[in-house]
Amino acid sequence: MSDLIRVRDLTVSFKTRHEAILAVDRLSFKLKENEILGIVGESGSGKSQTVLSIMGLLEQNGSATGEANFHGINLLSLSMSELNRIRGKEIGMIFQDPMSSLNPYITIGSQMSQILAQHTDLTKKEREEKCVEMLDLVGITNPQKRFDGYSFELSGGMRQRVMIASALLTSPKLLIADEPTTALDVTVQEKILDLILEVRDRFHMSVILITHDLGVVARTCEKVLVMKEGRLQEEGELNQIYYSPESEYTRELLNKSKQINLVNSKDPRKEEKTAYEENKLVEAKEVSVLFDLPKEGLFAPRELIAAVDGVSAEILEGEIIGVVGESGSGKSSFSRTILGLQKVTSGELRVLGQQLNSQKTFVAKTLRQRMQVVFQDPYSSLNPRMTIQEILLEPLLVFFSDQDRSVRFDRIRDVLVEVGLDEHFLGRYPHELSGGQCQRVAIARALLPIPELLVCDEAVSALDASVRAEIIDLLVRLKNDRGLTILFIAHDLAVVRKICDRVIVMEKGKIVEQGDTEKVFQNPKEEYTKNLISSVPVADPRLEKQRRLERLSKAN
């Protein structure tokens, strides 16, 4: 096989007011035709900037030097108009967040047709037929209806399939996927990764997969590139990298990945339940939350969908309880109902001694103080216009308005130390911090009101392995030191098994299984739970190859 792309001495830098930041430092690699290359590394390693520079998508203050020869053409030397003739036609790209990449104001069909209009001479009818055919190919049900629909009407997995279909419209020679499954649950992730392998074989194209998940690489790739702080640490075949790594950094990444996996994820620091844990902070009995579906016409009958459907569960004081399930299973709706952000339609819900029901929509300020939440994306949940000090001062002004200024500053400083930061971060803005540091700030903000219940909604899913491990250690320590109760919502089952005392498994708004975490994971009773567990990627290429062969045999 000949080389499709050959990168030599690629250097990417960004100019700031104070200094030039080197993101990629003299990186060289090559990719053969019909080959899948995985580029891995922690946040800030330069993996995303590598492919963005190749695509000519760097920020205005960024510049790239070196060579990126694609079929003998140096992409780095092309003008924007010359690049536009290659991007979308010969090189397709799938981004991490399809909701940000798809325009919610324009139909899916219009967005896909624009690609064909730019790169082909097809008629309007032929473009529509091609788009519908591609949507059907990637497993979109009722593709004609989705062609005329909008991105916000689809789940995360379906939106990602639309992105893949869009990237494949022109049968590109190279497909670049930048963290395409990070925000997806494990079953959808499995289907998307299998889909990438299928379309690679069907269209005979090469793939560059950017990810921090070594399990995803083991499941999908043939060749691996390991990066750290913009520099190449190691390059080689998949089995060589995983079973005979030469770089100390590669061994470190593999060890961190294996610390949190379903094979051995029980945390020895889990404490045995004590008597005080029998106090029920949350008690739900047959709780349902219904939403109105959009009407098909003015006189169409009212249709309802149950986001939470007859859920009965308890959260005990001092425990970490996990809630898992696929996208649309109702786990986030259930947590928002507990927080008083979503009204109960029917059933009984008691939270921290207060009854929440369909008649009572007001949630007392004192109850708000006793419950706090940490969201998935810290960059979205922290105000980019405020310094870290201003962000942390907000909850104190709301809940402790009578405190002296010096007392507030001492509390902010103490909680920063508690989450592993110091007062030097107070003058910075969120964009000046890493993802892990931002998530620590988000946790610190949630701790300042001195809550009894902390809700973590996918709080570690967007973080790489080492940062994820640090945040998990922090949450376990807070639980043990403060006696904090944590509701942990996640699609990463390995993390749930590592830190949670009990687990609730949800499907289509209902609880299908719940109980002690180890018992549920070691002996799942429901087929749905078994499928969730078996879908989790493991950093073991041989095991992943065996799993894929088993899936293919079942499908046939």
Do side-chain atoms of Glu190 reach the backbone of Val536 as a donor and acceptor pair under 3.5 angstrom? no

Check whether NZ of the Lys or CZ of the Arg Arg6 lies under 6.0 Å from the centre of the six-membered ring of Phe29 and within 45 degrees of that ring's axis. no

Shortest non-hydrogen contact from Met386 toward Pro430: O-CD, 3.3 Å

For a quick check under 3.5 Å, do Glu35 and Ser206 share a side-chain donor-acceptor pair by atom type? no

Less than 3.5 Å apart, any donor N or O on the side chain of Asp178 or Ser48 sitting next to an acceptor on the other? yes

Determine, for Glu222 against Arg200, whether the closest basic-nitrogen to carboxylate-oxygen distance falls under 4.0 angstrom. yes

CG of Leu116 to OG1 of Thr123, rounded to nearest 0.5 Å, is 10.5 Å

Ion pair Arg251/Glu246, N-O distance below 4.0 Å: no

How would you list all residue pairs meeting side chain to side chain donor-acceptor pair (under 3.5 Å) that involve residues 223-238, not counting sequence neighbours? Asp25-Arg231, Lys223-Glu235, Glu234-Gln240, Glu234-Thr250

Tell me, with the steps shown, if Glu179 and His212 meet side-chain hydrogen bond (donor to acceptor under 3.5 Å, both in side chains). CA-CA 8 Å; Glu179 300 277 11; His212 61 254; 3.1 Å; yes

Please lay out, stage by stage, how Tyr243 and Asp540 fare under the test side-chain hydrogen bond (donor to acceptor under 3.5 Å, both in side chains). CA-CA 9 Å; Tyr243 302 125; Asp540 187 335; 2.5 Å; yes

Check whether more than 12 heavy atoms from other residues, nucleotides or ligands sit under 6.0 Å from atom CG of Asn142, and answer yes or no. yes

Check step by step if salt bridge (charged side-chain N to carboxylate O under 4.0 Å, His left out) holds for Asp3 and Lys32. CA-CA 4 Å; Asp3 292 338; Lys32 297 183 181 299; 3.6 Å; yes

How about Ser335 and Ser332: does a side-chain donor come under 3.5 Å of a side-chain acceptor? no

Considering all heavy atoms, the nearest Leu76-Leu10 contact: CD1-CD1, 3.7 Å

Identify, with sequence neighbours excluded, every residue that meets side chain to side chain contact (heavy atoms under 4.5 Å, CB included) alongside Ser79. Ser81, Glu82

Check Ser28 against Arg8 and note the closest heavy-atom contact, atom names and distance. OG-CA, 3.4 Å

Verify salt bridge (charged side-chain N to carboxylate O under 4.0 Å, His left out) between Glu544 and Arg547, making sure each step is shown before the conclusion. CA-CA 5 Å; Glu544 285 299 332; Arg547 282 181 168 186; 3.4 Å; yes

